[in-house]
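What you are looking at is a predicted structure, and each value in this text was computed from that prediction instead of being measured.
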Amino acid sequence: ARHRIHPGGVPQSPRPRFPLPPASPKTVRVTVLSIRPGDLPTQGRIAAGRHYLPVRIYFEDTDLTGIVYHANYLRYMERARTEMLRLSGVVHSEMMAADTGYYAVHEMQITWHRPARIDDELLVVTHVTKVRAAATCLVHLVMRGDELLCAATVTAAFLDMAGRPRRQSKLWHDRFTTLMQQADAPQ
């Protein structure tokens with residue numbers, strides 16, 4: 001089949017030889033249901049200064065061997081960190097809209113101990129270990145029951161909209177300090 005060349009040099013596909021059928025005039029009826037809390041993604045929970053986020057492993061999370069692809073653990077940790085921030089009153093979309101700034105991972109050390117597999121139910125446990133003027137340090141533990149699968153330490157720097165380090169607000173600094181103290185307290 002010949003392809004015509006657009007004046008800008010981009011090839012164009014030839015027009016179909018047969019016209020496409022007109023769009024169906026059929027109306028689709030949709031029933032709107034009220035959304036209940038259990039219908040929405042979980043934010044997890046904070047207890048004793050630690051954030052707990054459940055994660056189920058799906059086929060899309062695994063590689064050809066049936067185990068979770070290593071980079072997906074970073075996604076689970078990012079979700080847990082984001083939900084911990086949200087439950088602490090720090091919402092990324094609101095920070096960005098107000099030109100306040102954003103958190104970005106500055107440093108991460110990670111160790112994988114055991115693989116997760118399809119249909120596993122995991123728990124990502126996150127807690128604050130250090131609060132600095134322009135950064136917060138955290139630990140993420142990815143657990144299957146009592147079994148540690150993966151552990152990471154993360155330093156999340158707070159940056160202004162131009163990407164330069166910026167002090168965290170006193171309110172956030174105080175909230176993270178409180179979480180850290182609660183996590184350090186004897187249980």
Side-chain angles (χ1 to χ4, degrees), residues 35-58 60-61 68-98 100-159 165-187:
I35 297 175
R36 297 179 181 169
D39 298 334
L40 300 174
T42 182
Q43 292 181 318
R45 63 184 174 87
I46 294 177
R50 297 175 192 277
H51 179 260
Y52 299 88
L53 182 72
V55 174
R56 179 183 298 278
I57 302 304
Y58 297 99
E60 68 184 5
D61 297 313
V68 170
Y69 180 66
H70 71 280
N72 286 335
Y73 291 89
L74 302 177
R75 293 175 191 216
Y76 310 147
M77 292 175 196
E78 176 66 29
R79 291 176 197 158
R81 191 167 48 254
T82 298
E83 295 302 344
M84 185 188 80
L85 289 172
R86 185 185 320 275
L87 287 172
S88 300
V90 181
V91 181
H92 281 110
S93 58
E94 292 172 5
M95 292 187 319
M96 302 288 282
T100 304
Y102 57 94
Y103 286 95
V105 172
H106 169 70
E107 182 179 358
M108 178 181 259
Q109 293 180 328
I110 188 166
T111 303
W112 289 269
H113 298 278
R114 299 206 181 280
R117 299 182 186 284
I118 192 166
D119 287 332
D120 279 354
E121 293 177 350
L122 308 181
L123 191 63
V124 183
V125 182
T126 304
H127 67 275
V128 177
T129 58
K130 188 176 190 178
V131 182
R132 300 192 312 234
T136 300
C137 302
L138 308 107
V139 167
H140 293 291
L141 305 174
V142 180
M143 310 291 295
R144 179 178 48 219
D146 292 335
E147 185 178 26
L148 177 64
L149 303 183
C150 182
T153 58
V154 178
T155 301
F158 189 64
L159 307 175
R166 175 182 181 179
R167 285 186 173 274
Q168 301 178 81
S169 77
K170 180 173 176 8
L171 177 65
W172 299 344
H173 188 281
D174 292 348
R175 284 182 183 167
F176 298 147
T177 300
T178 299
L179 287 173
M180 179 179 66
Q181 291 167 344
Q182 291 172 348
D184 288 342
Q187 304 299 318

Between [atom1] of [X] and [atom2] of [Y], what distance do you get to the nearest 0.5 Å?
{"X": "Thr177", "Y": "Lys130", "atom1": "OG1", "atom2": "NZ", "result": "12.0 Å"}
{"X": "Thr155", "Y": "His106", "atom1": "OG1", "atom2": "NE2", "result": "6.5 Å"}
{"X": "Tyr102", "Y": "Met96", "atom1": "OH", "atom2": "CE", "result": "7.0 Å"}
{"X": "Arg50", "Y": "His127", "atom1": "CZ", "atom2": "NE2", "result": "4.5 Å"}
{"X": "Leu138", "Y": "Leu85", "atom1": "CG", "atom2": "CG", "result": "7.5 Å"}

Problem set entry | Partner set under salt bridge (Lys or Arg N to Asp or Glu O under 4.0 Å) for Asp120, not counting sequence neighbours |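 Residues passing salt bridge (Lys or Arg N to Asp or Glu O under 4.0 Å) with Asp120: Arg144.
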
Problem set entry | Glu107: partners by salt bridge (Lys or Arg N to Asp or Glu O under 4.0 Å), with sequence neighbours left out |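 Glu107 satisfies salt bridge (Lys or Arg N to Asp or Glu O under 4.0 Å) with no residue once adjacent residues are dropped.
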
Donor-acceptor check, side chain of [X] to backbone of [Y], threshold 3.5 angstrom: yes or no?
{"X": "Gln168", "Y": "Arg132", "answer": "yes"}
{"X": "Asp174", "Y": "Leu171", "answer": "no"}
{"X": "Arg117", "Y": "Ile57", "answer": "no"}

Heavy-atom side-chain proximity of [X] to [Y] below 4.5 angstrom:
{"X": "Leu53", "Y": "Thr126", "answer": "no"}
{"X": "His70", "Y": "Ile110", "answer": "no"}
{"X": "Thr153", "Y": "Cys137", "answer": "no"}
{"X": "Leu179", "Y": "Ile46", "answer": "yes"}
{"X": "Val55", "Y": "Tyr73", "answer": "no"}
{"X": "Met95", "Y": "Val90", "answer": "yes"}

Problem set entry | Pair Arg166-Leu159, side-chain contact (heavy atoms from CB on, under 4.5 Å): steps then yes or no | CA-CA 5 Å; Arg166 175 182 181 179; Leu159 307 175; over 6 Å; no

Taking all non-hydrogen atoms of both residues, which atom of [X] and which atom of [Y] are closest, and how far apart?
{"X": "Tyr52", "Y": "Ala47", "value": "CE1-O, 3.8 Å"}
{"X": "Leu141", "Y": "Ala151", "value": "CD2-CB, 3.8 Å"}
{"X": "Val124", "Y": "Ala80", "value": "CG1-CB, 3.5 Å"}

Problem set entry | Given Arg81, Met84, Gln43, Arg45, the one that forms side chain to side chain contact (heavy atoms under 4.5 Å, CB included) with His51 | Met84

Exercise. Should the pair Tyr103 and Trp172 be assigned to parallel (<30°), tilted (30 to 60°) or perpendicular (>60°) ring geometry?
Worked result: tilted

For this session: Please determine if Arg75 and Glu78 form a salt bridge, counting it only when a charged side-chain N lies under 4.0 Å from a carboxylate O.
Result: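 Judged by the 4.0 Å cut-off on N to carboxylate O distance, Arg75 and Glu78 do not form a salt bridge.
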
